[in-house]
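Below is one structure; the comments refer to it alone.
None of the values given here were measured: they were computed from a predicted structure. Read the numbers this way: they start at 1 and go in the same order the structure lists the ligands and their atoms.
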Amino acid sequence: MLSRNRLLSAAFAFAAAGTLVACGQAPAGGALTIGVADAASQRLTTLTALDQRVARVAQRLSEANVDLCPAVRQSAGWALHSANQYSNELRPLVQSRFGLEGDLPGVLSAPAGSAAADADLREGDLILAANGTALNAGPTRATPAFEGLAANVAVLDRALSGGVTRLEIRRSGQPLSVTIEPHRACGYDVQLNPSDELNARADGRRLFISTALAGFTRSDDELALILGHELAHHVLRHRDWSDVGGAGRQANDATAITGAGDKETQADRVGLYLAARAGYETRIAPAFWRRFGAYNWRVRYPQLRHASAEARARALEQVQVEIDTKRAAGGPLLP
Ligand SMILES: [Zn+2]
């Protein structure tokens with residue numbers, strides 16, 4: 001797993017009861033044909049779009065499958081970020097584009113159907129206080145840091161764990177009061193890691209997906225296969241984490257799903273169900289894994305435990321038959 005230092009050097013955004021997002025990598029090389037500012041602006045645009053896709057799919061998977069998740073919590077479903085987590089290069093851009101300030105959490109995404117969207121929270125809203133507790137803007141930091149944002153997110157998570165929460169926000173420079181009624185969701189953060197490696201993993205408390213792998217997926221349906229697989233590791237209790245309580249999380253003892261085969265085969269199978277239960281088109285799974293195998297002949301996903309892409313594709317064709325049969329029978333779609 002990532003060390004704290006690695007997290008810091010990668011300059012992660014952090015999100016309460018929702019999605020962790022990535023940001024602020026240094027430029028990969030000299031941009032000779034376009035100006036540096038334009039290149040940074042384009043990278044930020046690309047990264048923001050990826051953050052928002054991951055947030056959208058994660059929120060839908062987490063709410064649709066809450067009854068299967070061992071840990072649940074009250075979730076806003078938003079993705080948050082702060083100015084201080086970005087590199088010096090991108091910071092002026094994010095301040096002007098999103099109205100960010102110091103460590104205060106700004107809404108990067110309020111996916112349709114989430115509690116944040118239901119409360120009419122919007123991209124660009126800056127959160128100032130929760131239930132009367134002011135969040136801390138902190139100092140302007142010389143290097144990217146997310147501890148300040150993480151502390152603010154912990155305050156938000158605690159407030160949301162109690163249910164209906166009043167937020168003081170700033171929108172287009174104007175103060176505004178918003179009431180949010182959180183939704184029950186799986187109790188895991190999702191984090192987009194800036195990385196050129198095609199990988200994803202779960203550590204018992206969080207799901208990780210690299211920017212390269214998220215970018216490789218061509219649709220939300222494909223992204224839901226990856227995030228569904230990682231969420232399945234949680235559902236199947238394959239990953240342990242000492243801090244299973246987490247901020248505002250509760251154990252959900254109603255579920256005990258097991259499966260045949262090795263853990264990766266189980267996660268593929270249950271992950272397909274999780275994606276299907278969230279309304280994603282799962283018939284694309286075999287083609288996705290074949291495309292992945294053809295593209296990614298050197299690197300196995302996520303490590304070396306997985307069967308070949310072709311074997312995964314064939315196994316998932318069988319799981320799809322199961323899903324279709326259960327759907328036709330009209331019963332609950334349980335793995
Ligand atoms: Zn796996």
If Ile, Leu, Val, Met, Phe, Trp and Tyr residues are connected whenever their side-chain heavy atoms lie under 4.5 Å apart, and connections chain through other members, are L225 and Y295 in the same group?
yes

Could you tell me which N, O or S atom of E264 is nearest to the Zn ion (ligand 1)?
OE1

Just to verify, what does L334 make a side-chain contact (heavy atoms from CB on, under 4.5 Å) with, not counting sequence neighbours?
L68, R277, P332

R91 charged N/C atom sitting above Y86 aromatic ring, 6.0 Å / 45°
no

Taking just the N, O or S atoms of H233, which one is nearest to the Zn ion (ligand 1)?
NE2

Sequence neighbours left out, what passes side-chain hydrogen bond (donor to acceptor under 3.5 Å, both in side chains) with D120? Give chain and number order.
R122

Is D268 close enough that one of its N/O/S atoms sits under 2.8 Å from the Zn ion (ligand 1)?
no

Mind checking whether the Zn ion (ligand 1) has an N, O or S of H238 under 2.8 Å?
no

